[in-house]
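Below: one structure, written as structure tokens.
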Amino acid sequence: MLDKQYQAKNYESEIYKLWLAHDCFNPDSQINQELRAKSPKIQANKSFSIIMPPPNANDPLHVGHAMFVALEDILIRFARMQGKDTVWIPGTDHAGIETQFVFEKKLKKKGQSRFNFDRETLFQMIWNYVSENSAIAVEQIKKLGASADWSRYKFTLDQDIVKTVLETFIQMNKDGLVYRANRLVNFCPKCGTAFSNLEVDHQEQVTSLYYIKYGPFVLATTRPETKFGDTGLAVHPSDQRYQQYIGQEIEVEGLNGNFKLKVIADEFVDPKFGTGVVKITPYHDFNDFAAWQRHKAELPEPIQIIDFAGRLTQAAGKYAGLKVAAAREQVSKDLEARGLLVKVDTNYQNNLGVCYRCGSPIEPLPLPQFYIKVKGLTQAVLEKLDHKEVKVYGAGHNKILRHWLETLEDWNISRQIVWGIRLPVWYKISENPDALVTFIDKAKQRISGKLGELLKTYSPAEISQGLQNINASVDAQYVISQNNPGDAYLQETDTFDTWFSSSQWPFVTLINNKAGDLERFYPTNTMETAYDILMFWVMRMLMMGVYQTGQVPFKNVYLHGLIRDAKKQKMSKSKGNVTNPMEISEKYGSDALRMALVIRSSAGLDKSVSDGDFKAMRNLCNKLWNASRFILLNTKEHLGEKAKKCPNDQVFQTKMTQLTQEITKNLNAFQIGVAADTLYNEFWHWFCDQSIEESKKDLINSDLLLDGLQVFLKLFHPFMPFVTEAIWQELVKEKLVEEKVLASSTWPT
RNA sequence: GAGCUUGUAGCUCAGUUGGUUAGAGCGCUUCGUUGACAUCGAAGAGGUCAGAGGUUCGAGUCCUCUCAAGCUCACCA
């Protein structure tokens, strides 16, 4: 006999084992083949696939992960029960910068840093660390009830995956889509790597605007410390105040002695800002770099005065070695002492680019990097959007996607970190004597210098083995190849942007899985993920998917919103308002957690949840349980009275059919939150409060009620798989149902 | 500055091509417990659907404007 209350804890892990024992999640299993065989042909001939957004392999899940598991599992279980050839391919992500960042924190605690190790050693250390912890995410996803096919599981650094990713790069290079250029990049000195524009956050700040004397001019700048990198001055071409200076060289008194700057005219200068004069510092400001590109003929070569550690270089004279902030303070003091500082507006507001990862200021720095030409890729996706080959569900995000595709700039894919897929780029040692190389020698010393010089003391093998970093000049010759073209080469030390590999995820997971999976499941049906990675991931998957296969990687994009706390605030560790999905699962059950997240949620909109919501859905599980308990008790006494007609039978049956159709329609239209809400209300207030009560008065036939319960269990199953299966197994025991496992049973009609 | 989204009960949110007395959870009021469930049931209070105009036989739903909130992008050194 069933307990009086449903205790999720006592059932969930057993139920999950039952599903695995029947191989319910594998489309090739016997039970699913049987399911398809008895389903309508129109369904059985369709395939339905979802590629799981791979969570960070070694991180515990947050509530957003629980949201995607809930939504995707609903779609998958629904499709499977409909009889479609259904697969949900799970995976985990190496999460390049995120993971390396965490690992470096651990190193720091031991008094070490990434600079203590050569590249390969560091990679291996992180690999071991991730391997030790990589089961976390997978185990938790299972705990949430995900009906993913674990026999098709992939990790982003699996050998076959890496091979395909590299092949894509090589193909792109052949197609002329890859190039190397020395441009300003968004560099985070703290993280030690460049980022794409997308990974830079902008923060409002109040700062000082310094008015500095430059020969006959006064000009305003927020960054006086960059003045050692000035290679020119600019004014607006039609600015009457400065006409006579255009094209002239002026003499400027500086802190490291006097120097000369040429005055150029360029439209980008706003005459109304400051004094209408701008200093040109091409290597440390994006606008200035662009101006220099336009006026190359008139201006000298730029000077780099900030290095990749965020300190001033030798070119800054006596300020060399100072960090940017300290240099700014010192420079402004010295300017003042010399009478070169005219005034300081200390209440100036502007936006500062900061690292999305660590929050420190992004430093625009010149660095040769590999870029992907995106124009052709984005155009191809826009065409697919025009032809409605992809549909985006999520409050206006389709427009945002379009906007991004229309304005996207070339993609910097080089990252100066170790934890990732290394670029298959090889520099011939003998042809790149000017390449800057850092390596750990046999005596464990960190050695830096030009390759040509280092070769006088060290063997190529020693350099290659201890290699930390190679920074080849922008015009360096290189070979792109999966394998080492020979002993005389050094491999590029940069790794791919994590998104370069994950943008290929739908394709690489299928091509490297069971034979025929690509043809069988591509294009996938739905990509379901949070809207905040629309442009990082979804947009790039579309670009790469169309590039690789000519087809969109998925037909539908369902974007869920962020989960917020009861007060609508974003969850964050510092606020202490984070909902840990595993705690909720322990306390109320995974079904309750899933249902609370999903019910009345809508695509693209945020949702706030609190303890009360989870409790309410725990109560729903119990309601299902107890309604079943009543019917089980009742059925025994009244079985076989099916012939007996009761007054409300017809109404009951009609409503049951209508409800089934409604839920089916909702789910087909991705109206998941509405479907859940409807089910909740109809089950609780109509089926329990009304129909069960009526059956007690013999107004509804008991067998009909049992049929109704079965339908409800099926309709509820995608949402709350554990409790519905637990009840179903009781029905199996009582020989009241034929289908052995609810997870692989047929969807009602 | 540009774009997008949102504004419905005390709180958090549903309400899918416009169609009868606008819904749920939590909270609140009153009542109810000899077995399906107190993780419950019955009854109830509470909304001029942000505001104004328009289209329509009919608008929470469509259009225009205003106000408010949020997000994203771009920014003047």
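Note on naming: letters A, B, ... go to the chains in the order of the sequence lines (proteins, then strands), and numbering restarts at 1 for each one.
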Could you tell me how far apart [X] ([atom1]) and [N] ([atom2]) are, to the nearest whole angstrom?
{"X": "F286(A)", "N": "C73(B)", "atom1": "CZ", "atom2": "C1'", "value": "15 Å"}
{"X": "L405(A)", "N": "G3(B)", "atom1": "CG", "atom2": "P", "value": "19 Å"}
{"X": "K615(A)", "N": "G27(B)", "atom1": "NZ", "atom2": "C1'", "value": "13 Å"}
{"X": "E204(A)", "N": "G1(B)", "atom1": "CD", "atom2": "P", "value": "13 Å"}
{"X": "N398(A)", "N": "G3(B)", "atom1": "CG", "atom2": "P", "value": "16 Å"}
{"X": "H236(A)", "N": "A77(B)", "atom1": "NE2", "atom2": "P", "value": "17 Å"}
{"X": "L198(A)", "N": "U72(B)", "atom1": "CG", "atom2": "C1'", "value": "11 Å"}
{"X": "K587(A)", "N": "U39(B)", "atom1": "NZ", "atom2": "C1'", "value": "13 Å"}

Solution key, residues 396-403 of chain A side-chain donor-acceptor pairs under 3.5 Å, sequence neighbours excluded:
from    : atom 1 : to      : atom 2 : distance (Å)
H397(A) : ND1    : G394(A) : O      : 3.0
R402(A) : NH1    : D386(A) : OD1    : 3.1
R402(A) : NH2    : D386(A) : OD1    : 2.9

Pair E267(A) + R294(A): basic N to acidic O under 4.0 Å: no
Please identify which of these residues, V252(A), T275(A), T221(A), meets the side chain to side chain contact (heavy atoms under 4.5 Å, CB included) condition with Y214(A). V252(A)
Sugar-phosphate, base or nothing in reach of Y348(A), heavy atoms under 4.0 Å: sugar-phosphate
At under 4.0 Å between heavy atoms, what does Q7(A) touch on the DNA or RNA strands: base, sugar-phosphate, or nothing? base
Taking the six-membered ring where the residue is Trp, are the ring centres of F536(A) and W404(A) under 6.0 Å apart? no
Suppose we call two aromatic rings close when their centres sit under 6.0 Å apart. Are F217(A) and Y242(A) close by that rule? yes
Intra- and inter-strand pairs of RNA chain B in dot-bracket (Watson-Crick or G-U wobble, both distances under 3.5 Å; | for another strand): (((((((..((((.....[...)))).(((((.......))))).....(((((..]....))))))))))))....
Taking atom [atom1] in both [N] and [M], compute the distance separating them and give it to the nearest angstrom.
{"N": "U6(B)", "M": "A50(B)", "atom1": "P", "answer": "12 Å"}
{"N": "U12(B)", "M": "G70(B)", "atom1": "P", "answer": "14 Å"}
{"N": "C63(B)", "M": "U17(B)", "atom1": "P", "answer": "13 Å"}
{"N": "G1(B)", "M": "U66(B)", "atom1": "P", "answer": "13 Å"}
{"N": "C26(B)", "M": "A14(B)", "atom1": "C1'", "answer": "15 Å"}
{"N": "G60(B)", "M": "A22(B)", "atom1": "C1'", "answer": "8 Å"}
{"N": "C49(B)", "M": "A9(B)", "atom1": "P", "answer": "10 Å"}
{"N": "G51(B)", "M": "C37(B)", "atom1": "P", "answer": "46 Å"}

Pairs satisfying side chain to side chain donor-acceptor pair (under 3.5 Å), at least one member in residues 588-606 of chain A, at least two apart: E12(A)-S590(A), D73(A)-R594(A), Y531(A)-D606(A), R564(A)-D606(A), S585(A)-S590(A), Y588(A)-D611(A), R600(A)-D677(A)
Just the table, please: protein N/O against nucleotides 31-38 of chain B N/O, every pair under 3.5 Å.
from   : atom 1 : to      : atom 2 : distance (Å)
A36(B) : O3'    : R629(A) : NH2    : 2.9
A36(B) : O2'    : N626(A) : OD1    : 2.4
A36(B) : O2'    : R629(A) : NE     : 3.1
A36(B) : O2'    : R629(A) : NH2    : 3.1
A36(B) : N7     : K696(A) : NZ     : 3.3
A36(B) : N6     : E693(A) : OE2    : 3.1
A36(B) : N3     : N626(A) : O      : 3.0
A36(B) : N3     : A627(A) : N      : 3.3
C37(B) : OP1    : R629(A) : NH2    : 3.3
C37(B) : O4'    : N626(A) : OD1    : 2.9
C37(B) : O4'    : N626(A) : ND2    : 3.2
C37(B) : O2'    : N622(A) : ND2    : 3.0
C37(B) : O2     : K623(A) : NZ     : 2.8
C37(B) : N3     : K623(A) : NZ     : 3.2

Can you build the contact string for nucleotides 4-25 of chain B? Use B for base contact, S for sugar-phosphate-only contact, and - for no protein heavy atom under 4.0 Å. SS------SSSSB-------BS
Check whether NZ of the Lys or CZ of the Arg [X] lies under 6.0 Å from the centre of the six-membered ring of [Y] and within 45 degrees of that ring's axis.
{"X": "K391(A)", "Y": "Y558(A)", "answer": "no"}
{"X": "K296(A)", "Y": "W292(A)", "answer": "yes"}
{"X": "K696(A)", "Y": "F630(A)", "answer": "yes"}

Say whether N186(A) and E199(A), considering side chains only, have a donor N or O and an acceptor N or O under 3.5 Å apart. no
Is it true that the side chains of Q658(A) and E662(A) contain a donor and an acceptor less than 3.5 Å apart? no
Pairs satisfying salt bridge (charged side-chain N to carboxylate O under 4.0 Å, His left out), at least one member in residues 272-288 of chain A, at least two apart: D230(A)-K279(A)
Can you give me the closest heavy-atom contact between A530(A) and L559(A), atom names plus distance? O-CD2, 4.0 Å
